[in-house]
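Shown next, in structure tokens, is the structure this report addresses.
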Number of protein chains: 2
Amino acid sequence: MNEELMKKFSNPQDCPVRNVVDRIGDKWSMLVLLLLAEEKVLRFNEIHKYIGTISQKMLAVTLKSLESDGLVNRTVYPQIPPKVEYQLTSRGKSLLPHLQKLVSWAKDNMNDIQTSRQNFIQTDD
Amino acid sequence: MNEELMKKFSNPQDCPVRNVVDRIGDKWSMLVLLLLAEEKVLRFNEIHKYIGTISQKMLAVTLKSLESDGLVNRTVYPQIPPKVEYQLTSRGKSLLPHLQKLVSWAKDNMNDIQTSRQNFIQTDD
DNA sequence: CTGCATCCTCAACGATACTG
DNA sequence: CAGTATCGTTGAGGATGCAG
């Protein structure tokens with residue numbers, strides 16, 4: 001056994017992998033980030049319309065979490081009715097190329113993966 | 001509203017983003033893939049030892065799911081006690097550089113993110 | 001050794017109603 | 001418009017025991 005790897009993979013704290021998974025592994029974060037990457041600035045309800053299947057609650061939770069990590073910026077215009085705009089921070093922008101690579105990998109491999117999944121029959125011998 | 005983006009983000013099916021999230025967004029898949037990237041070939045129990053906190057059940061579930069998607073190869077040696085080895089397929093290897101980029105991004109930004117998270121106080125005005 | 005079966009828990013998520 | 005509050009559901013994940 002490799003001692004270095006033991007440290008890297010056995011320790012739940014200080015594990016960058018878990019950091020990534022906790023960040024973009026939830027149901028909506030990655031979607032919101034990629035949407036903001038394309039539209040630059042969006043209001044709460046605009047995001048909601050783009051991602052039709054997200055609930056208002058989860059959108060609020062997701063945005064707040066992204067904001068608290070400094071990936072997304074929240075700008076409030078003090079007017080009635082209120083207007084709030086969201087956009088990527090520089091830190092958020094620095095993450096996005098990697099997410100986009102992942103997406104393009106997924107596009108390239110989606111079909112193969114799905115046929116693999118269908119052809120997958122337990123071969124236990 | 002941008003019609004192209006509507007299609008991309010509103011449709012749960014055919015969405016590469018969901019594909020990615022479903023694949024590596026679970027608690028263990030990414031960790032297993034990265035471990036196999038470093039050690040090339042590992043037995044069930046070796047993976048289990050490296051990732052000390054994963055349960056036997058979840059390791060089995062994770063490996064089976066990765067195998068069914070053609071990302072990991074499973075080789076059974078018909079002997080008693082049984083011996084089973086896991087390694088990345090070429091498809092799995094093609095995904096890994098992107099995961100490693102994500103991890104290195106996480107390493108670079110972990111500290112900043114954590115301080116952001118601590119300094120984050122609701123600024124609702 | 002490498003799993004599968006079973007039961008159980010908890011947190012993510014969703015639906016709905018309400019507010020400044 | 002942009003959320004919060006509340007309640008209910010569901011499924012991912014963990015613990016334990018058993019099997020080939």
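Just so we're on the same page: letters track the sequence lines, and every chain starts at 1.
Near-neighbour residues of DNA chain D inside residues 42-49 of chain A, defined by a heavy atom below 4.0 Å, number-ordered: A:Arg43, A:Phe44, A:Asn45.
Although no hydrogens or angles enter the test, the distance criterion places no donor-acceptor pair under 3.5 Å between the side chain of A:His48 and the main chain of A:Ser55. In this structure a side-chain-to-backbone donor-acceptor pair under 3.5 Å is present from A:Tyr50 to B:Asn2.
B:Thr75 contributes atom OG1, which lies 5.5 Å from atom CD of B:Gln87 (distance to the nearest 0.5 angstrom). Atom CH2 of A:Trp28 and atom CG of A:Leu59 lie 9.5 Å apart (nearest 0.5 Å). Atom CD in A:Glu39 sits 8.0 Å away from atom CD in A:Glu46 (nearest 0.5 Å). A distance of 9.5 Å separates CZ of B:Arg18 from CZ of B:Phe9, quoted to the nearest 0.5 Å.
Protein atom CD1 of B:Ile51 is 12 Å distant from nucleotide atom P of D:dG14, rounded to whole Å. Rounded to an integer number of Å, the gap from B:Leu59 CG to C:dT2 P is 10 Å. In this structure, CZ of A:Arg74 is placed 12 Å from C1' of D:dC1, rounded to the nearest angstrom. As rounded to whole Å, 19 Å separates atom C1' of D:dA12 from atom CE of B:Met30. In this structure, B:Leu63 places its CG atom 11 Å from C1' of C:dG3, rounding to the nearest Å.
The residues B:Arg74 and B:Glu85 are annotated as not salt-bridged, no charged nitrogen and carboxylate oxygen being separated by less than 4.0 angstrom.
Nearest approach of A:Pro16 to B:Lys107, heavy atoms of both residues: CG-CG, 3.4 Å.
In this model, the phosphate group of D:dC1 is not approached by any side-chain N or O of A:Tyr86 to a distance below 4.0 Å at OP1 or OP2. Between A:Lys64 and D:dT4 there is a side-chain N or O to OP1 or OP2 distance below 4.0 Å.
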For nucleotides 10-20 of chain C, give me one character per nucleotide, 5' to 3': B if any protein heavy atom sits under 4.0 Å from the base, S if the only such contacts are to the sugar-phosphate, - if neither. ---BBB-B--B

